[in-house]
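Each ligand, and each atom within it, is numbered from 1 in the order the structure gives. Keep in mind the model is a prediction, meaning the values are calculated, not measured. Residue numbers run from 1 in the order of the sequence given.
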Amino acid sequence: MRKVKTLGLLGTGVIGGGWAARALHFGVDVIAADVKPEMEEWIRGAVANAEPALARLTSAPLPPKGKLSFTTDLQAMARQADFIQENIPEQLPLKQRMLGEVSRHAAADVIIASSTSGLTPTDLQRDMVAPERFLVAHPFNPVYLLPLVELVGGDKTVQGTIDAAAQFFTFIGMHPLHVRREVPGHLTDRLQEALWREILHLVNDGVATTGELDESIIYGPGLRWAAMGTNLIYHLAGGESGMRHMLAQFGPCLKWPWTKLEAPELTETLIDRMVEGTQAQAAGRSIRELERLRDDYLVAIQQVLRQYNIGAGATLRALEERLFKDAAAGSAPQPAERGRPLRLLDVVVRTEWVDYNRHLSDFRYGQVFGDALDVLFRSVGIDEDYRAAGRAYYTVENHIKHLGEAKAGEPLYVTAQVLAVDDKRLHLFQRLHRGRDDKLIATAEQMYLHVDTKIAKAAPADPKIRAKLESIRSDHSGLPQPSEAGRPVGHEKH
Ligand SMILES: NC(=O)c1ccc[n+]([C@@H]2O[C@H](COP(=O)([O-])OP(=O)(O)OC[C@H]3O[C@@H](n4cnc5c(N)ncnc54)[C@H](O)[C@@H]3O)[C@@H](O)[C@H]2O)c1
């Protein structure tokens, strides 16, 4: 598949807007096409609304944001895009017609995917040119925060299309789930609908309100579901003998049965109960307010799960590893000239990095110096593989001196001077500059100790790593000793 620099969107409603925000955030340009010209303002608003939560998702170095353009000319979009995602209303004849049209204008190696919630790919690809490059890629709202995307091929889809699409979705931070057999509703919506059907019955029969039914999930199973699905959780419910015991114990209930397969009739009374129930739950809060609250906790949950490397947290962790790798490769520290400090990192102060004085917060200085150090480490070969082999540098001392301020949106850059290297120690001096006037706004003097992490003891660095650090040190040997280096806290310059 061609490299996806530009994502084309067909239909820019709720889901199109979500795709745009996610792709732009991870550095992909977006050309959005909709029949209604007024959707341009809407999609720009949707992208702006998604930004605060997306910006908090990770502090790993991001590529420059993608550019958003809008058109009502669907053919122009199809000609320019490297990957097309269709997000128009859920009507089979409309989707068939539009997918057919788009496929006639897109180059043959451009993948075309549909966000359909439940239509099957074989039906959708019927009228397309080169239908082998078509698949269903079903996302979840909000697309910019939920990593799941179900990938489903139709009769004419080739495996290469599924693989290439999975690669692109992973690149923009998602978890592609290959649905191996096409079934209406794919996997997740079938499960969601089963639960929803039961909710409608319980409300219809006056057993519980919408609020009570939501409580029955959010204080219990919902918390488990974020990291372990029903099957693994039931395996745990069976005690030491796991799923086998669980099935023996609760299997007979399936015959009673507790639940119904047919949905109840959507009568006016049932609709009123559902609407009034959810309005009471919203308690006067607007949809926008509730969306912001949802986005905030979705970010927080993923960050917690990242610590356990499980579920969506594992996806986030893998994404961050890649972002750090890309940043290291893109900004591999090259001394501008021999004998100059290494320029390690260029960043822009993000809005959530500033404190109540609207200046870069204390702890973010540490983060920026840490990210810069990571670039240096990766450039000499200290990466995941090195750490996985049980070797790492640990921080033993860190003295940050604050000399100036930076506001949100200001570009910054970090340079580093290697002061000393021996078999176990690395003595480093970093400088943080403000991009607009090159002013030095902070320095950090740091001492790192190489350790064997399996025995948690100091140990010599790999000779190849040491040689690379030594070479930088020798390149820096002619640089003057920084006046701040070695100075205790509060000690003034003489
Ligand atoms: N809303 C969800 O939670 C959700 C989740 C996953 C998948 N989906 C699927 O995504 C698709 C879009 O859903 P949505 O909720 O974003 O709908 P939406 O109504 O918010 O947006 C649809 C957009 O398509 C545009 N459109 C209509 N006909 C068009 C055409 N011929 N050419 C170009 N644009 C056209 C409309 O102007 C509108 O902006 C559906 O297939 C839906 O099943 C929705």
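With hydrogens and angles ignored, the 3.5 Å screen pairs a side-chain donor or acceptor of Asn87 with a backbone N or O of Gln85. Distance alone, capped at 3.5 Å, places no donor-acceptor pair between the Glu150 side chain and the His178 backbone.
At the top of the distance list for atom 20 (O) of ligand 1, counting protein heavy atoms only, stands Val14 N, 3.1 Å. Here the heavy atom of the protein found nearest to atom 3 (O) of ligand 1 is Asn141 CB, 3.6 Å. Nearest non-hydrogen protein atom to atom 18 (P) of ligand 1 is Gly13 CA, 4.1 Å. Atom 38 (C) of ligand 1 has its closest protein heavy atom at Asp34 OD2, 3.5 Å. Of all protein heavy atoms, the one lying nearest to atom 6 (C) of ligand 1 is Pro139 O, 3.2 Å. Nearest protein neighbour of atom 27 (C) of ligand 1, counting heavy atoms only, is Pro89 CD, 3.3 Å.
Ligand-side atoms of ligand 1 in range of His138: 6 (C), 7 (C), range being under 4.0 angstrom from any heavy atom. Atoms of ligand 1 lying under 4.0 Å from at least one heavy atom of Leu74, given by number and element, are 32 (N). Shown in contact with Met39 at under 4.0 Å from a heavy atom are these atoms of ligand 1, numbered in order with element: 39 (O). Taking a cut-off of under 4.0 Å to the non-hydrogen atoms of Gly11, the atoms of ligand 1 that pass are 24 (O), 34 (N). For ligand 1, the atoms lying closer than 4.0 Å to a non-hydrogen atom of Lys36 are 37 (O).
Proximity annotation for atom 40 (C) of ligand 1: of Asn87, Ile88, Thr116, Ile88 comes nearest, heavy atoms only. Nearest to atom 13 (O) of ligand 1 by heavy-atom distance, out of Val102, Thr188, Ile15, Leu94, is Ile15. Scanning Leu9, Val136, Val143, Val35 for the heavy atom closest to atom 33 (C) of ligand 1 points to Val35.
Residue Thr157 is tested with Glu132, Gln125, Glu182 for a side-chain hydrogen bond (donor to acceptor under 3.5 Å, both in side chains); the sole match is Gln125.
For atom 24 (O) of ligand 1, the nearest protein heavy atom is under 4.0 Å away. There is a protein heavy atom closer than 4.0 angstrom to atom 8 (N) of ligand 1.
For Gly16, no nitrogen or oxygen atom sits less than 3.5 Å from a nitrogen or oxygen atom of ligand 1, counting backbone and side chain alike. Among the atoms of Ser117, some N or O lies under 3.5 angstrom from an N or O of ligand 1.
No side-chain donor-acceptor contact under 3.5 Å links Thr12 and Trp19.
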Next on the checklist: Working note: Arg294 + Leu290, criterion side-chain contact (heavy atoms from CB on, under 4.5 Å); need CA distance, chi angles, decisive distance, verdict.
Outcome noted: CA-CA 6 Å; Arg294 175 201 65 190; Leu290 290 168; over 6 Å; no
Item to check | salt bridge (Lys or Arg N to Asp or Glu O under 4.0 Å) evaluation trace for Lys325 with Glu384 | outcome: CA-CA 10 Å; Lys325 256 191 190 147; Glu384 288 74 42; 3.5 Å; yes
Checklist entry - Passes side-chain contact (heavy atoms from CB on, under 4.5 Å), Met274 versus Val203? Steps please. => result CA-CA 7 Å; Met274 292 300 294; Val203 172; 3.9 Å; yes
Checklist entry - Is there a side-chain contact (heavy atoms from CB on, under 4.5 Å) between Leu177 and Leu151 once you walk through the steps? => result CA-CA 6 Å; Leu177 173 62; Leu151 305 188; over 6 Å; no
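For Phe26 and Phe168, the ring centers sit 6.0 Å or farther from each other.
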Could you pull out all donor-acceptor pairs under 3.5 Å where a side-chain atom in residues 243-262 meets a protein atom, sequence neighbours excluded?
from: Lys260; atom 1: NZ; to: Asp205; atom 2: OD2; distance (Å): 3.3

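The stretch residues 354-364 participates, sequence neighbours left out, in these side chain to side chain donor-acceptor pair (under 3.5 Å) pairs: Arg364-Gln367.
Annotation: cation-pi pair Arg44/Phe70 absent, no NZ/CZ under 6.0 Å from the ring centroid and within 45° of its normal.
Contacts of Leu119 with ligand 1, taken as heavy-atom pairs under 4.0 Å, are absent altogether.
Heavy-atom distances between Lys95 and ligand 1 reach below 4.0 Å in at least one pair.
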